[in-house]
Every structure is written in C-alpha cells, then in structure tokens.
Amino acid sequence: MPEKIAVEMRGVTKRYPRVLACDGVDLSVRQGEIHAIIGENGAGKSTLMKILYGMVRPDEGSIKLNGKPLIGHSASDSIKLGLGMVHQHFMLIDPFTVAENVVLGIEPTKAGLFIDGRAARERVERLSTEYGLALDPDERIENLSVGLEQRAEIVKVLYRGADILILDEPTGVLTPQEVTELFVVLRALRESGRTIIFITHKLNEVIELADRVTVMRDGSVTGVVSAAETTPEELATMMVGRDVLLRVERQEATLGEPVLTVSKLSALGRKGTHVLENVDLEIRSGEILGIAGVQGNGQTELVDAITGLHATSSGSVTLSGTDITNLKPRAIRDLGVAHVPEDRLERGIVPDFSVAENLLLGHHHRAGYSHRGLINVAKMEEHARTLIAEHDIRPADPSISAAHLSGGNQQKLIVAREFDGAPTLLIASQPTRGVDIGAIEFVHTSILKKRDAGVAVLLVSAELSEIMTLSDRIAVMYGGRIVAEFEGGTVSEEELGRYMTGAGDSGDEPVRNRPLDDNSPGQAAAGGEA
Amino acid sequence: MSPPGALGTITRARKSDGAGKLVSLLSPLVAVLAAFLVGGLVVAAIGESPLRFYSVLFRGAFGSVDGIGLVLFNATPLIFAGLAVAFAFRSGLFNIGGEGQLYIGSFVCAWAALKMPGAPAVLLIPVLILASAAGGALWAAIPGYLKARFGVHEVINTIMMNFIAVALTGYLVVEIFKEPGQMTPQTAVIPVAGELPRLAGFFQSIAVPLPNANPLNASFLIALVAVWLAWFILYRTTLGYEIRAVGHNTSAAEYAGINVRRTLVMAMLLSGAFAGLVATNEIMGFRHRFLDNFSSGIGFMGIAVALLGRNSPLGVLFAALLFGVLNTGALEVDIFTDVPRELILVVQAVTIILVVVGNEIVRRRLAGGAQKRRPSKEGLEAS
Amino acid sequence: RQSTPSQGTDAFKVGMVFDVGGKGDKSFNDSAYRGLLRIADDFEIEHTEFEPGQDADRETGLRKLAQAGFDVIIGVGFLFSDSMRSVSADYPDVRFACVDFDVRQDEVLPDNLAGLVFREEEGSFLVGVVAGLKSETGRVGFIGGMDVPLIHRFEAGFIAGAKHANPAVSVTVGYAGSTPQAFADPAKGKELAMLQYGRGVDIIYHASGNTGIGVIEAARETGNFAIGVDSNQNYMAPGHVLTSMVKRVDNAVYAVILAAYENRFEGGLREFGLAEDGVSYAMDDYNAGLISDAIVEAVEAAKAGIIAQEIDVPRE
Amino acid sequence: MFELVVLDSALRMATPLILASLGGLFSERSGVVNIALEGILLTGAFASILATYFTGDPWVGVAAGIFAGMLVSLIHAAVTVIFKADQIVSGVAINLLAAGATQFLTWITWGSSSNSPTVGGMARWSLPETWGPVARGINVVIGHYPPLVYVALAAVAAAHVVLWHTPFGLRLRATGEHPSAVDALGVSVRKMRFAGILLSGALAGLGGAFLALNTHQFVKNMSAGRGYIALAAMIFGKWNPVGAALACLLFGYAEAVQMGLQGQQVPSQFVQMIPYVLTMVALVGVIGRARPPAALGKPY
Ligand SMILES: Nc1ncnc2c1ncn2[C@@H]1O[C@H](COP(=O)(O)OP(=O)(O)OP(=O)(O)O)[C@@H](O)[C@H]1O
Ligand SMILES: Nc1ncnc2c1ncn2[C@@H]1O[C@H](COP(=O)(O)OP(=O)(O)OP(=O)(O)O)[C@@H](O)[C@H]1O
Ligand SMILES: [Mg+2]
Ligand SMILES: [Mg+2]
C-alpha cells in the first residue's frame with residue numbers, strides 16, 4: 001500500500017485565555033488508516049480536531065490535507081474537501097427526522113425550490129445499507145438511542161462525501177454492544193478506503209481497532225506508535241508522563257456499622273425506560289465503595305436517587321436506619337449526606353457567587369449561618385477563610401467570584417464544602433474529572449482521610465485507576481444494574497472492564513467474589529427497616 | 001425541574017473585578033451621554049438648537065426647588081417599578097408584568113381605603129401600604145406559580161396579565177366603584193386619613209422652599225426604604241441567598257437542597273409587592289383615588305430603569321432618578337420649546353439599547369481573562 | 001406651538017392642554033384649537049399648547065403654565081376637571097377654563113375657573129331628525145366613544161330626534177370602550193360601524209372623537225351615511241357624511257379668552273346650547289345635495305321648538 | 001354570533017395579528033425572541049401612511065410599511081445577533097423607540113403628535129364589470145375584503161410551505177433548535193437569524209400597513225398591544241403558521257363578538273380579556289404543552 005498522507009498538521013498551537021490547549025502539535029495521518037488520538041482530559045485532543053475541521057482557528061501552525069495546504073478554512077470548506085467530523089457532543093436536531101438531519105445544508109430539491117423528501121430518504125437508506133448502519137430515515141432523533149444517534153451522525157458525514165472521518169470520543173457514551181457494532185462499521189469504512197481519526201480514553205479500544213496512535217499530554221504530542229507494537233501500559237505511561245497507578249498511602253479499613261443501604265432500587269428515566277433496576281448496595285462506616293462503569297449505565301441516576309434529586313419508582317434507600325427514599329434533597333443533606341457532584345459547573349458551584357457564598361451552598365440554612373431568616377455575613381466569611389486556608393484554595397480571597405477560579409480550585413472548593421461539617425455518608429462523583437495531577441492527589445488523600453475518620457464513602461468514577469486505588473470494595477454497573485461486586489485488590493482491571501462492557505453479565509444476580517455473608521445488602525435493608 | 005423557558009434565559013450581569021468593575025460602571029454612563037448626543041443630533045436635524053433644548057430640559061428639572069421636587073416625584077413610581085423588575089431578575093425571572101401588578105396594587109389600595117372610612121391614620125396608612133404590596137404580590141404570584149409548577153414562561157404570562165389587570169380594574173372602576181354622578185372613570189376620594197403627607201411642609205421647615213403645590217410626598221421615603229429593603233433581602237437573608245442561587249444556577253440550587261419552585265414563587269411575590277407599592281405614590285400620595293388607566297406605562301418604564309441600573313437596588317435608584325429628570329424636563333420641553341416631548345422617549349430607548357450593547361462589549365472585553373465557560377453549551381445540552 | 005411665548009414679556013398669553021386624541025382629531029380638540037387660533041389672530045395674543053404625556057402631567061402641566069405667567073389656561077376635556085379644581089385654587093390670579101367640565105352636584109366654582117359645558121343633546125336632536133327622515137331602512141345607529149354620561153347626552157338627544165321625525169325608526173347603539181382610549185381608536189370605530197351597517201343600519205351618528213374617523217371611513221366604504229360630530233366633518237367623505245353635529249367649542253373658547261382679555265372673566269359654569277349658538281348642525285357644499293329642503297325645514301322647525309322650549313330634549 | 005358581519009369583522013381584525021404573528025414565527029424559529037413586534041407594527045403603520053400621504057398610492061404605502069418594518073427589525077438583529085445582547089430587552093427598547101419616534105415624526109410631518117391627516121385607502125380588488133357575469137361573480141369574492149386580507153391568508157400558506165418544504169425553512173428551524181449543529185454543517189447561523197428577523201420585520205410591517213391603511217390614518221400607539229397578542233397567538237399556535245393564524249382568528253373573533261354583543265349584558269372588559277385568559281390557559285396545557293424552539297432566546 002503506498003503511504004499517502006491524508007492529514008498533515010505541523011506546529012499547531014492554540015492558546016485560550018488561561019490554557020495552552022495545543023502547543024506546537026504535529027499530527028500525520030496516513031490515507032486509509034484508523035488513527036487513534038489519546039490523552040487525558042484537557043490534553044487538547046478536541047481542540048486539535050476542531051482546528052483541523054476549521055471550527056477553531058489556530059494561533060500558529062500549518063495544515064495540509066491530501067498534500068494541499070489549508071489556510072483559514074471554515075467548516076464548510078472542510079466539508080467540501082471531504083473532511084467529516086462526529087463531535088464529542090452530538091450535533092443533531094432533536095425534533096427533526098434522521099433524513100432531515102442528514103441532508104441539512106445540502107438538501108436535494110424539486111424544482112430547485114422545495115425539499116425532495118423522497119430523494120433524501122432514499123439517499124439515507126442507501127448509505128445505511130452500504131455500511132451496515134441500520135437506521136429509519138423517518139424516525140425523529142428524540143426517539144433514538146445514543147447508539148443510533150451516533151449512526152445518524154456518521155451517515156451525516158458520509159452523505160457529505162467525507163473520505164476523512166474524525167470521531168471525537170465515539171465510544172464514551174456507548175454500550176459495549178454498540179461499541180462492537182461501531183467497530184464493525186469503522187472497519188468497513190476503512191475497507192472502502194476512508195481514513196478515520198479516532199479519539200478515545202480507552203486503551204484497549206486503541207489496541208483493538210487502531211493502526212497507529214498519537215498520544216497527547218498537556219497540549220503536546222508525547223509519542224506516535226503503531227498499535228500492533230504497543231501495550232496499554234506503555235500508552236498509559238506516555239499519556240500521564242509517569243507510572244500509571246497513583247500510589248496513595250492507605251491503611252487497612254476499620255469497618256463499622258452499615259451507613260447506607262440501598263435495596264431493590266429502581267428508577268425510570270426521561271423516556272420512561274428503567275435507568276436503575278433492582279440495585280442493592282451497602283456501605284459501612286469507614287468503607288469506600290467504588291462504582292465502576294461506562295458512563296451512562298445508571299451511575300448518575302443512582303447518586304441522584306440517593307441524594308433525592310431523582311425520583312425512584314421502587315425499592316428503598318436507608319441511611320443509618322432511617323428511610324430516606326424520595327426525601328427532599330435538603331432533608332437528606334441535613335441527615336449527614338455530603339455530595340461532590342459529577343458536573344462541577346452544572347451543579348457544584350454558582351459561578352456568579354463569591355467563593356464565600358459558594359462555600360455556604362447547602363449549609364446556608366443551618367444554625368450558625370442563618371438566624372431567623374437572616375444570613376450571618378460575618379460567620380459566612382469566617383467560615384470561608386477557614387476552609388480556604390485548610391484546603392489551600394487559590395487565590396485566598398473569599399470575595400472573588402467562583403467563576404474566576406481555575407477548574408482545580410473550583411473542585412477544591414466543592415470538596416472543602418462537602419467534606420466540612422462531619423458527614424456520615426460522602427458521595428463523590430467523578431471527583432477528579434478535569435483536575436490537574438496535584439489536585440487529584442489532594443482529593444484522593446482527602447477521601448481516604450474521611451474514610452479513616454469513619455465516614456462511609458460512595459465513589460463513582462469513570463477512571464478505573466481511581467476506583468482501583470481508593471476502593472475497599474468495587475461494584476460494577478452496567479445497564480442500570482449492579483453486575484458484579486469485588487473486594488478491593490482482588491480483581492484486575494481487565495476483569496472489571498469485562499463486566500463494565502456487559503461481557504461478564506450472566507444473569508440477574510450480581511457476580512461476587514466472596515460468599516454472601518450476614519451483611520449482604522438485601523438482609524441489611526430488611527434489618528434496617530425493622 | 002426548571003424546564004427551559006419558552007423564551008430562553010436572560011443574560012445576566014456578571015461580576016467583574018477591579019478595572020473591569022470600573023469599566024462596567026462607566027459603560028452605562030457613556031451610554032447615557034451617547035444617547036443624549038443622539039437626541040441632540042435629532043434636535044439639530046429638525047432645525048432647533050440642541051443647546052436650548054437641553055437647557056430647557058435641565059432647567060425644568062434642576063432650575064428650581066419645585067423642579068427638583070418634581071424629579072423626585074416622577075422618580076418615585078419608577079423606583080418601585082424598577083425594583084420589581086430587578087428583584088425578579090435576581091431569581092432569573094423576567095417580570096414584564098409590573099404594569100398589571102401596579103394596577104391591581106393600586107386598585108386594592110383604593111378599595112381598602114374606601115372600605116375603612118373611619119379608620120385613623122396610624123392604622124389606615126400601614127394597612128394601605130400593605131394592601132398595595134399585597135395586591136401586586138398576588139397578581140405576580142400567579143405567573144410565578146405557573147412558572148414554578150408548569151414551567152410556563154413568565155414573560156408571556158406577565159404580558160397577558162397586564163392586559164387582564166387593565167381590563168379588570170377598568171371594569172371594577174367603571175361598573176362598580178365609579179364615583180357617582182361623575183364622568184371620569186375613577187373611584188371616590190379615599191379618606192384623608194389614608195393620604196400620605198406631602199413633603200413641602202417638612203422641606204419648608206428646614207428652609208428649603210418647596211412649594212405647597214409640589215406633589216412630592218412621603219411615598220418617596222417609602223421608595224428609599226424599599227431600595228434598602230430589596231438590597232437587604234437579597235444580600236442579607238437566607239431567602240435572598242436562595243433567590244440569587246436559583247437565579248444564577250438553578251441546578252446547583254436544587255442540588256444544594258433549595259426548593260426551587262418555592263423560591264421562584266417567593267421571588268415573584270416580592271417582585272410584585274414592589275410593583276404594587278407604586279400605589280403609595282399614585283393613590284395615597286397624589287391622586288387620592290384610583291383613576292382608570294392612570295399609569296401610562298410606569299411598569300414598562302420599570303424594565304428600562306432596572307436595566308439601566310444593572311438590576312441592583314442602588315442602580316435602580318439612580319436610573320429612576322435619571323428617568324425622573326428626563327420626564328420632568330420633557331414636560332418643560334414640550335411646553336416651552338418647539339421640540340415635542342416624544343423625543344425624550346427616543347432618548348430613553350436609545351439609552352437602553354446602547355446600555356445593553358455596551359454591556360455586551362464590555363463583557364466580551366473582560367471575558368478575555370475571565371471566562372471559564374464551557375466551549376459549547378448547546379452541544380452539551382443536546383447530547 | 002405656533003408662537004412660542006417669550007417668558008417675561010407683557011403680552012397676553014394663553015395656554016391650552018389637549019385631551020386624549022390630541023391635536024388633529026378633526027373633532028373635539030381641533031374645534032378648541034380653532035377657537036384659540038382665531039382669537040390669537042384677532043388680537044395680540046401669544047399661545048402655546050401641548051398634549052400631556054403621562055397622567056400626572058395633566059396637573060403638573062397646568063401648574064407649569066400658571067407659574068410661567070400665562071393669563072388664561074384652558075383644559076380641553078372633562079379629564080381635566082380634578083386638576084383644574086386644585087390648580088385654580090393654587091393660582092388665584094390665573095384664569096382657568098375647562099371644556100366639558102365634570103361638575104359635581106351643587107358645586108360652586110371659584111372666581112378664576114370657568115366650566116364650559118354644552119347642551120349636546122340639543123344639537124344631537126337635530127341630527128337625529130335628519131337621520132330619522134333620511135333613513136331608508138328605518139334603522140339608524142349611534143356610536144359613542146367612551147361610555148360616560150357626557151356621551152349618553154349625545155345618544156339620548158339623537159334617539160329622541162330620530163323618533164321625533166319618524167316614530168317607527170329603530171336605533172342601534174354601540175360604544176368603543178370605557179376608557180379615554182375609546183376616543184382615539186379609529187380602527188375600532190370602523191369595525192363597530194361595519195357591524196352596524198352590515199346589520200341594516202344606513203346612517204350612523206358618532207360621538208367618539210378620533211374613533212369616529214373610522215366610522216366615517218366605514219360609511220364611505222359601504223356606501224352608507226355617517227353624521228359627524230363636534231367639528232364640521234362633512235368634508236371628510238363627501239357624499240357620505242350627511243351632516244355634523246357641530247359643538248362650537250371654538251366659540252366657547254373664543255368667548256372665554258376674549259372675556260379674560262377684556263378683563264371681564266367670570267368664574268362659574270357656562271352653558272352653551274342651541275339658543276347660545278353653542279351647538280348646531282352643519283350645512284355646506286359637501287352635503288347640500290344630500291339634504292332635501294323638506295328635511296331642512298323639519299330640522300329648523302325642531303330647532304325653533306327647542307329654543308322656544310316647546311320640545312323637551314332628554315339628557316339621558 | 002355567527003352572523004356574516006361578525007365573521008367578516010373577525011377576519012379583518014385578525015389580519016394584522018396574523019401578519020405580525022407570522023413575523024414572530026420566522027424570528028422565533030430562527031431562535032430570536034421578537035417582543036419588538038409591537039414596535040414594528042407601529043412603525044409599519046406610520047410609514048405606510050407617510051408614504052401614501054406623499055405619493056397618493058396606498059401600494060407605495062404598503063411597500064413603505066414593509067421596508068420600515070425591516071429597518072426596525074434590523075436594529076433588533078444587530079443588537080441581538082451581532083452584539084448578542086438580551087433579546088427581550090432589545091425588544092422592549094425597540095417598542096419604546098417606535099412609540100417615541102413615530103409620534104415625533106408625526107409631529108414633524110403634520111404638526112400633531114397624535115394624528116396624521118387621513119389618506120386615500122386601498123381600492124378593493126375587482127375585475128372590470130364589462131367582462132361579464134363571471135367577472136362580477138369573482139368580484140364578489142375578491143372584492144369582499146380589503147386586498148391585504150387576502151395577502152395575509154396567502155402569507156399563511158406561503159409561510160407553511162417555506163418552513164416545512166424548502167431548504168431555507170429547514171435551515172431556519174434548525175438554527176432555532178441547535179445553532180452549533182447548523183454552524184458545524186457550514187451554514188451561517190448569523191445569516192439565518194438575520195433572515196428570520198428581517199422577514200419578521202417585513203411581515204409585521206405589512207401588518208402595520210394594513211392597520212393604518214384600513215383606517216386611512218396614523219394615530220399614536222395605534223398598534224395598541226396587537227404585537228403582544230400576535231406573540232401570544234404564535235405561542236398558542238405552537239409556532240406553526242396555520243396554528244398561529246387560527247389563534248389570531250380566534251382572538252379577532254372574540255373582539256368582533258364583543259362589539260357585536262354590545263347592548264347586551266356582557267361587560268366589554270370581560271370579553272376583552274378572553275384572548276389573554278385563553279392564552280394563559282392554553283400555555284398551562286389544556287391544549288397540550290407548546291414546545292418552543294430549543295435555542296430560543298439564547299444568543300449564539
Ligand atoms: N473555547 C474555549 N475557551 C477556553 N478554553 C478552552 C476552550 N476550548 C477548550 N479549552 C481548554 O483547552 C484545553 C483543551 O481542551 P480540549 O477540549 O481540547 O480537551 P480534550 O483533550 O478534548 O479533553 P476531553 O478528553 O475532556 O474531551 C482544556 O483545558 C479546555 O478547558
Ligand atoms: N440598596 C443598597 N443599600 C446598601 N448597599 C447596597 C445597596 N445596593 C447595593 N449595595 C452594595 O453595593 C454592592 C454592589 O451591589 P450590586 O447589586 O451592584 O452587586 P453586583 O456587583 O451587581 O453583584 P451581583 O450582580 O453579582 O449580585 C452590594 O454588594 C452591596 O454591598
Ligand atoms: Mg474532548
Ligand atoms: Mg449588580
């Protein structure tokens with residue numbers, strides 16, 4: 001096969017106000033290959049691809065497409081040149097049909113004026129049969145599953161005649177079954193001569209699918225390797241810049257009484273489907289339960305159901321013997337549940353509030369801060385100064401607005417607030433998402449300190465290494481159910497991965513690597529109610 | 001909860017540091033000056049002297065103690081109406097219904113006064129102030145509730161309720177409460193005990209020669225208290241904290257255990273109460289009865305005032321004073337120059353447009369070092 | 001604003017504040033304005049006029065004029081009644097006149113305030129006679145502006161006149177609304193008239209200020225007749241305006257200013273009826289062909305009867 | 001209350017509402033709230049009388065109304081699309097501006113800030129009678145209403161076709177739903193929004209022209225809240241041209257009935273409330289939840 005270069009990026013640099021998103025990046029993709037780009041959160045992968053696609057203008061650097069230089073191109077230029085991009089966040093219009101989404105912008109017309117609906121439908125059908133992307137062109141996007149939405153995105157790109165496809169984290173939101181199907185499609189596309197650039201965090205996928213891999217860290221490229229000649233470990237080292245697993249000092253757990261007992265918990269999602277099904281969990285005081293799973297398998301709903309933010313349809317949640325099922329969020333908080341939410345900006349902080357005000361969020365009604373409906377401003381500021389000092393939040397100014405803190409410091413703020421006030425149960429959802437290494441270490445140490453102080457911790461993370469490092473016990477969620485449960489340190493990353501992808505799913509009962517004892521979730525729940 | 005509103009979100013004034021703060025304070029000032037310039041150009045274009053135009057305008061407002069009294073009098077209802085908009089804005093709601101709320105507040109005020117003919121002033125005045133606030137609050141609570149409970153956008157509902165309030169009070173005053181034997185669609189005069197005192201006497205006693213006929217009355221003092229109260233509620237009470245939290249980030253508020261629905265309804269209630277207090281000036285202080293259609297858009301002007309005041313209570317006070325100056329001067333201009341008063345409306349409108357545009361420009365300039373937002377919010381919501 | 005008064009000169013100065021509907025309504029306000037222009041022409045009189053922007057400006061505007069040394073200040077329309085009472089009390093040296101003053105029972109006006117009121121029912125009676133005789137369908141209509149006693153007088157006189165001429169005639173009545181805005185809504189006036197014409201009415205008398213412009217438009221569009229009010233509106237749709245009930249606000253305004261100018265102004269209520277030439281019906285080239293001599297004779301007979309108090313015209 | 005005259009009246013009164021709500025529709029489908037409809041109606045009304053007054057041709061007036069509407073909407077477009085300022089605030093300011101500017105210009109042109117002189121109206125459509133009885137028959141139909149009534153009805157059909165059957169309509173709706181998706185496909189969001197807002201101005205300006213030319217005169221504030229009612233009708237009609245037009249007809253009918261009911265015991269104020277109360281009830285969900293374009297009100 002002649003080695004023609006499809007995409008050639010040289011010295012691409014992009015500066016954002018506070019970050020150097022891409023720092024002199026070189027990327028070379030051969031025609032007809034599947035080229036993976038990997039890197040941690042914020043490494044600059046999406047930015048690089050947006051630059052290639054013409055949605056973001058680089059500050060420096062040059063781009064060549066099939067040997068021809070691209071200068072100041074726009075997204076529509078890229079489309080004309082045969083570039084297509086499936087974005088990390090899908091760009092589909094919910095109330096439109098698949099066909100309408102596909103043809104938008106290049107509509108087939110009758111009499112040069114009206115949209116030719118039949119032609120649009122036929123073209124979509126032809127494309128979907130050709131590449132095995134089964135899709136109903138007349139179905140509205142809002143009725144599609146995520147996997148089908150992604151197919152629509154791919155058809156959209158193919159409709160525009162793309163021969164270079166960029167897929168930004170296509171598997172992050174897919175079920176394992178859907179991932180397998182996607183890979184079939186991508187291989188078929190490669191067979192047809194197309195070039196594919198594929199961004200992912202999952203190293204196994206890279207090894208399985210890609211021909212070559214470019215690894216990024218902190219905005220620069222740390223290596224380009226052939227997938228056949230590397231291992232996940234090697235890739236991970238290149239990604240993070242040192243040994244993969246973070247080593248944290250941890251002592252043996254001293255277990256106490258059960259704190260959280262979740263029993264036969266089910267909940268419905270927006271479309272009326274089960275997002276949680278018969279979930280059983282138990283966490284004792286002084287114990288960390290880690291929940292592993294691919295995003296979108298019910299972890300968010302589980303946390304929300306426990307904290308009163310998502311209504312449950314059946315089952316119960318018990319906190320130290322008190323039934324808290326479907327209580328109001330404030331009531332649950334007041335019973336000693338702290339919660340580091342998975343989405344910092346969406347939930348964790350009020351960006352326009354000052355740091356001091358943010359540090360009061362959720363505690364603001366409590367005695368000491370609030371008296372007869374009045375906020376004790378002096379107390380609020382004193383509280384803020386203490387927490388800022390304890391957690392080294394920078395800059396150390398309680399009056400600055402939280403929007404102006406860096407992501408890591410925002411996360412520290414949330415951790416400071418939620419860890420304060422002696423919780424009995426601590427729920428930490430993606431506690432280190434998008435934060436720098438230093439902050440990660442700080443958060444991990446804080447979580448362990450809480451555990452050692454006898455707090456029950458529910459840790460939800462997409463980062464397997466995080467789960468493996470911190471958890472005393474690990475549960476795996478898949479399709480809204482707990483499919484497996486392990487003692488910490490008794491299971492390998494591969495094995496976990498197998499369950500996470502549904503591969504180890506044998507039946508309704510979760511797999512456990514230890515005999516069910518007296519403290520099995522079901523019985524504990526019954527005991528709690530008695 | 002909190003489904004996306006029918007009309008989307010409101011861009012919020014953002015807090016900015018140091019030099020940014022200065023620039024964002026200066027930008028409305030620059031906008032006002034630019035709007036004056038536009039007005040001057042129009043005046044020149046129709047062949048009149050802009051200098052004379054503005055000198056007449058400012059003479060009307062500042063040329064005499066009487067003029068200054070009129071400025072304060074004209075500013076009073078705008079302070080209330082502006083506070084109503086600004087307060088609701090803090091909870092993320094856009095209350096366009098000040099007009100309707102002040103009609104209902106005023107009607108309830110007049111009605112309560114007529115129902116208590118023998119009551120002494122010490123009783124009647126507080127009762128009427130509360131009645132005014134309650135009337136406005138009640139009217140505002142309806143769209144607030146519909147927003148909180150059904151997610152119906154408050155903008156449409158408050159507009160609808162403006163029309164309904166005008167028709168309803170029109171019906172009540174024309175068909176039921178009209179002063180017998182009179183043509184004017186107005187109620188009878190409220191008892192003297194319910195009247196707020198004019199301030200002329202007080203000012204004369206401290207040697208400020210405010211004429212007896214000047215309509216400035218104690219309602220202005222109530223307005224000043226209301227400014228303080230609005231600030232105090234927002235920044236010093238738990239409720240205010242919750243209102244602002246909901247306004248800035250609804251899902252964070254929900255996560256923090258704040259009852260978002262209740263907070264929205266409370267914010268609207270208080271907002272409507274401020275609008276209803278317009279009655280203290282119009283009914284208790286000045287007209288001493290409810291006159292059909294008396295307002296001619298005070299509620300809508302409140303939107304402009306709030307905007308110009310960047311939705312802060314103190315800002316509302318200053319913006320209302322500016323509009324008071326313009327309205328007072330407008331009459332003078334109308335009578336004593338060949339330029340019609342409508343030009344002042346144009347100046348006010350241009351001011352608002354320049355202020356919002358200026359805000360955005362300043363925000364974008366400042367955003368350079370400060371923005372920490374997601375690159376693509378839309379993408380996030382769609383996926 | 002024809003001549004902007006120079007403050008501080010000794011010239012005799014008159015200020016006029018208009019009603020809702022404003023200058024250019026071709027009706028009530030314009031009639032008052034004509035009176036002002038006429039006297040300003042006849043004598044050395046400076047004058048200024050304006051339309052209040054907000055309700056509170058009614059009173060403030062009157063005060064501003066009084067402070068600025070105006071000799072006579074005229075408020076056009078009953079909405080000024082309250083403000084006139086209070087401002088005239090504050091400025092006893094300035095003379096005030098209010099058109100259509102909304103007088104209270106047993107009210108005694110101060111020396112410096114003249115209330116100018118008209119016996120509109122008498123003029124309305126005459127145009128009612130015209131309508132009663134002219135109607136071919138036997139159905140005539142009345143459209144009022146704001147639903148208030150003042151306008152009820154027009155309605156009552158018109159109905160009485162029509163029945164006087166033709167006892168079998170039926171009268172359809174409509175009002176544009178119950179707020180002052182009802183005098184300034186020609187779109188609504190037109191639709192109200194279209195409805196009446198559509199139901200067989202062939203002559204409509206309007207007493208609705210600006211709103212009536214729409215009534216006259218509807219007459220033209222449907223080929224029917226309208227009867228104008230306040231000013232002579234015959235010219236507005238030649239061939240379709242049968243006549244106009246002219247309310248001589250101009251004469252009243254002229255007279256009251258003249259009295260002040262000649263230093264013989266007296267406060268109190270001044271009534272203008274047929275006898276005082278305060279109301280009448282308009283005959284000119286535009287409607288000469290529409291009104292037969294027989295009709296003119298009948299109208300003149302009714303007029304004589306009213307002046308002689310042989311015909312009793314109801315007020316409501 | 002189904003007399004022909006009442007229905008006729010309803011249709012005529014619905015006409016400016018229909019045009020304005022179609023205008024609102026194009027703007028909001030592109031994602032831009034248009035509270036400025038009220039001011040655009042008013043400006044269109046003023047411009048149409050001004051042009052008719054000076055040219056004597058009401059059709060020139062119509063063109064002027066459309067043009068003026070577009071001019072005003074251009075301000076809205078600039079403020080909201082280029083400067084990305086708040087759309088509601090811009091609309092409120094434009095309404096204030098339109099009220100002041102039209103009165104000011106009326107005063108400059110005719111010396112009264114309340115009223116213009118009357119101008120010649122628009123002749124009804126008709127074929128020459130000499131063409132025989134068929135022409136006369138056709139005239140009964142096409143001459144029954146003022147010409148712009150037919151134009152408005154045709155505009156409803158045209159809007160439906162444009163929105164649902166043309167590439168432009170698809171892109172416009174897509175812009176209102178998900179602008180970044182449209183952007184990613186290389187379609188300019190800015191252009192689509194400008195187009196939507198300008199169309200909005202043209203249609204509402206036409207509505208204003210009807211309002212004024214039908215009464216042959218400009219009167220201050222003659223839009224009298226119709227812009228807001230049109231907005232309500234658009235929502236009531238769930239952002240669909242046909243639905244919006246039906247809602248306008250309903251509102252027009254309520255008003256006509258109110259006039260027709262005079263003399264009977266229903267207080268007019270209550271009949272006046274009908275459209276507003278109906279809208280509120282409709283929004284709460286009696287006729288199903290109205291779903292606005294997803295990106296409505298969000299600057300892009
Ligand atoms: N529009 C923007 N404005 C400011 N900063 C931005 C913008 N877009 C991206 N960034 C920043 O640039 C850096 C790189 O972001 P990018 O989205 O490319 O990361 P990524 O590698 O795709 O991460 P992830 O795996 O989380 O998707 C991050 O620090 C991000 O916060
Ligand atoms: N009515 C008032 N009385 C006393 N102090 C006030 C009043 N209004 C505002 N302040 C003071 O001025 C400060 C600035 O107020 P402002 O409402 O403008 O804040 P801001 O910068 O707009 O904040 P944000 O919009 O983030 O809430 C307040 O924090 C308060 O201390
Ligand atoms: Mg990315
Ligand atoms: Mg502020």
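So you know, we letter chains A, B, ... as the sequences are listed, proteins then strands, and number each from 1.
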The criterion is salt bridge (charged side-chain N to carboxylate O under 4.0 Å, His left out); which residues satisfy it with D:R171, sequence neighbours excluded?
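For D:R171, the residues satisfying salt bridge (charged side-chain N to carboxylate O under 4.0 Å, His left out) (neighbours in sequence not counted) are A:E107.
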By side chain to side chain contact (heavy atoms under 4.5 Å, CB included), which residues pair with D:S114, not counting sequence neighbours?
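Residues passing side chain to side chain contact (heavy atoms under 4.5 Å, CB included) with D:S114: C:E51, D:S112, D:K220.
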Mind checking side chain to side chain contact (heavy atoms under 4.5 Å, CB included) for B:N359 and listing every partner two or more places apart, or none if nothing turns up?
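Residues passing side chain to side chain contact (heavy atoms under 4.5 Å, CB included) with B:N359: B:S27, B:R310, B:V355.
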Could you state the interatomic distance from [atom1] ([X]) to [atom2] ([Y]), rounded to the nearest 0.5 Å?
X: D:I229; Y: B:F163; atom1: CD1; atom2: CZ; result: 5.5 Å
X: B:I156; Y: D:I235; atom1: CD1; atom2: CD1; result: 3.0 Å
X: B:M160; Y: D:Y276; atom1: CE; atom2: OH; result: 7.5 Å
X: D:I108; Y: B:D338; atom1: CD1; atom2: CG; result: 11.5 Å
X: B:H153; Y: D:I88; atom1: NE2; atom2: CD1; result: 5.0 Å

Which one of B:I344, B:T351, B:V350, B:L343 has the most heavy-atom pairs closer than 4.5 Å to chain D?
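Between B:I344, B:T351, B:V350, B:L343, the count favours B:L343.
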Which one, B:A167, B:G297, B:G170, leads in non-hydrogen pairs under 4.5 Å with chain D?
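Highest number of heavy-atom pairs under 4.5 Å: B:A167.
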Residues in residues 71-83 of chain D that sit under 4.5 Å from chain B, counting heavy atoms only:
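Residues D:I75, D:V79, D:I82, D:F83 are the ones that qualify, each having a heavy atom under 4.5 Å from chain B.
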Kindly indicate whether the side chain of D:I35, heavy atoms from C-beta on, has any atom under 4.5 Å from the side chain of B:I96.
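Yes - at least one pair of side-chain heavy atoms lies under 4.5 Å apart.
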I need the residue from D:A98, D:A181, D:A93, D:A232 with the largest number of non-hydrogen atom pairs under 4.5 Å to chain B.
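Ranked by contacts with chain B, first place is D:A93.
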Which atoms of B:I46 are under 4.5 Å from chain D, going by heavy atoms: the side chain, the backbone, both sets, or neither?
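For B:I46, the contact with chain D is made by the side chain alone.
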Contact origin within B:V174 toward chain D - heavy atom pairs under 4.5 Å
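Only the side chain of B:V174 comes within 4.5 Å of chain D.
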Contact summary for [X] and [Y], nearest pair of heavy atoms:
X: D:F104; Y: B:P340; answer: CD1-CG, 3.5 Å
X: D:M280; Y: B:I142; answer: CE-CG2, 4.3 Å
X: D:L96; Y: B:L345; answer: CD1-CD2, 3.8 Å

